[in-house]
There are 2 protein chains.
Amino acid sequence: MKKQIVEILRKNQLSITDGRKKILELFLESDSALAHHDIEEKIQEKFDRVTVYRTLQAFMDKGIIHTIPTADNSIKYALCKDDCEQGHHHDDHIHFVCKQCGQTICLDEVHVPSVRLPQGYHADQVEVVVSGLCKECN
Amino acid sequence: MKKQIVEILRKNQLSITDGRKKILELFLESDSALAHHDIEEKIQEKFDRVTVYRTLQAFMDKGIIHTIPTADNSIKYALCKDDCEQGHHHDDHIHFVCKQCGQTICLDEVHVPSVRLPQGYHADQVEVVVSGLCKECN
DNA sequence: AAAAAAATGCAACTTTGTTGCAAAGATACC
DNA sequence: GGTATCTTTGCAACAAAGTTGCATTTTTTT
């Protein structure tokens with residue numbers, strides 16, 4: 001695990017620091033998406049708020065994590081699949097938000113459906129967020 | 001127009017106040033979704049920030065407007081279709097965000113595709129946000 | 001037109017996010 | 001392994017976004 005973490009950071013040319021290791025570990029351990037707030041809560045050692053913001057930004061830039069759109073003004077982040085490279089996210093899976101437990105998860109096995117747009121529109125990216133009851137809460 | 005506004009407020013059992021009339025008018029005039037910030041900007045008379053928050057909340061509760069999920073931590077609101085009733089939103093159209101002009105619009109004519117979830121999951125609602133270039137910017 | 005109910009504005013506060021800068025830490029080089 | 005260089009961190013100070021309680025004003029009811 002520790003090796004995998006260092007490996008990921010190295011591969012993305014990020015210096016290996018305690019904060020980055022810890023936050024990346026959180027993502028690897030968690031199977032649901034994390035908001036900034038969740039991260040600060042779950043980390044026992046206290047890192048400055050600013051550090052967490054900058055770490056998430058760095059991970060985003062490198063394509064290690066991606067954001068999940070929400071309707072409640074909280075950005076959620078989740079690990080990208082291996083083939084997301086620096087600056088080019090191509091996560092084509094859908095996201096699921098459980099109304100009971102609140103968890104947001106990536107359903108990697110479910111691909112986004114194709115959408116037919118009206119004349120004149122050009123689609124770059126399609127985001128699908130399904131809400132309902134997850135496996136555990138159903 | 002003025003009649004329609006009063007009509008909508010009355011139908012939803014909201015008292016008819018200047019702020020509500022003005023904000024509702026904004027939504028009716030605008031064909032793109034509005035963020036809290038946009039509303040404060042576009043209104044010439046100044047209403048208190050708190051009033052705008054509470055008005056949006058009231059409109060949400062009554063099913064007059066709905067939120068559109070975004071990945072950039074800004075809640076956008078748009079008018080619901082007529083058949084959204086108090087507490088029961090059922091807007092099954094997709095949303096489009098233009099990367100050029102930034103406008104967010106409801107594509108009422110495009111219905112959300114059906115999504116097949118893994119065993120055990122139960123879907124209540126499917127949100128689709130497509131980003132790319134809109135008719136004007138393309 | 002007066003009484004009752006609801007909405008507004010204000011102040012004070014909390015939470016969330018940003019920026020510049022000095023100190024601490026990581027990397028590269030000898 | 002130790003030092004120079006470059007990067008990251010934490011702090012302070014700030015800006016923006018959102019919330020709450022309460023007195024005043026406005027709307028609705030009778």
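Quick caveat, the model's predicted, so the values are computed rather than measured.
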(request) Identify whether B:Met60 and B:Leu14 are in the same connected component of the hydrophobic contact network (ILVMFWY, side-chain heavy atoms under 4.5 Å). (result) yes
(request) Answer yes or no: does a side-chain N or O of B:Arg20 lie under 4.0 Å from OP1 or OP2 of C:dA7? (result) yes
(message) What is the distance, to the nearest angstrom, from the CG atom on A:Asp72 to the P atom on C:dT16?
(response) 11 Å
(message) Taking donor-acceptor contacts at under 3.5 Å, does the side chain of B:Arg49 reach the base of C:dG9?
(response) no
(request) Establish, with yes or no, whether the OP1 or OP2 oxygen of C:dG25 is under 4.0 angstrom from a side-chain nitrogen or oxygen of A:Ser15. (result) no
(request) Send over the distance from B:Arg10 CZ to D:dT27 C1', rounded to a whole Å. (result) 11 Å
(message) Regarding C:dG17, can its base be found pairing with the side chain of A:Arg54 as donor and acceptor, where the two atoms are less than 3.5 Å apart?
(response) no
(request) Nearest-nucleotide wise, let me know which of B:Gly19 and A:Thr17 is further upstream toward the 5' end of DNA chain C. (result) B:Gly19
(request) From the options D:dT19, C:dT27, D:dC11, select the nucleotide whose nearest atom is closest to the side chain of B:Val50. (result) D:dT19
(message) Measure CG/B:Asp48 against P/D:dG21 and give the value in whole Å, please.
(response) 16 Å
(request) Between B:Asp18 and B:Tyr53, just flag the one whose closest nucleotide in DNA chain D comes earlier from the 5' side. (result) B:Tyr53
(request) Anything under 30° is parallel, anything over 60° is perpendicular, the rest tilted; go ahead and classify B:Tyr53 against B:His36. (result) parallel
(message) At less than 4.0 Å, is any side-chain N or O atom of A:Asn73 found next to OP1 or OP2 of D:dA17? Yes or no.
(response) no
(request) Could you tell me whether the side chains of B:His122 and B:Asp124 share a donor-acceptor contact shorter than 3.5 Å? (result) yes
(request) Please report how far the helix from C:dA1-D:dT30 to C:dC30-D:dG1 bends, comparing the axis fitted to its first five pairs with the axis fitted to its last five, to the nearest 10 degrees. (result) 40°
(request) Mind calculating the distance between NE2 (B:His36) and P (D:dG18) to the nearest angstrom? (result) 7 Å
(request) Could you tell me the separation between the CG atom of B:Leu9 and the P atom of D:dT26, rounded to a whole number of Å? (result) 18 Å
(request) Mind checking the SG-NE2 spacing from B:Cys80 to B:His66? Nearest 0.5 Å is all I need. (result) 5.5 Å
(message) Please confirm whether the shortest side-chain N or O distance from A:Thr51 to OP1 or OP2 of D:dG10 is below 4.0 Å.
(response) yes
(request) Answer yes or no: is there a donor N or O on one side and an acceptor on the other, between the side chain of B:Ser30 and the main chain of B:Leu26, under 3.5 Å? (result) no
(request) Rounded to the nearest angstrom, tell me the gap between atom NZ in B:Lys62 and atom P in C:dA6. (result) 11 Å
(message) If I take atom CD1 in residue A:Ile75 and atom C1' in nucleotide D:dA17, what distance separates them, rounded to the nearest angstrom?
(response) 13 Å
(message) Of the options D:dC22, C:dT16, C:dT19, whose atoms approach the side-chain atoms of A:His37 most closely?
(response) C:dT16
(request) Using atom CD of A:Gln13 as one end and atom C1' of D:dC6 as the other, report the distance to the nearest whole Å. (result) 15 Å
(message) Using the rule given for side chain to side chain contact (heavy atoms under 4.5 Å, CB included), can you reason through A:Thr104 versus A:Tyr77, listing the C-alpha separation, both sets of side-chain angles and the distance that settles it, and then say yes or no?
(response) CA-CA 9 Å; A:Thr104 299; A:Tyr77 302 88; over 6 Å; no
(request) Mind running salt bridge (Lys or Arg N to Asp or Glu O under 4.0 Å) on B:Glu25 and B:Lys2 for me, showing each step along the way? (result) CA-CA 8 Å; B:Glu25 189 179 1; B:Lys2 297 283 179 200; 3.5 Å; yes
(message) If we ignore hydrogens and angles and just use 3.5 Å, is the side chain of B:Asn138 paired with the main-chain N or O of B:Cys134 as donor and acceptor?
(response) no
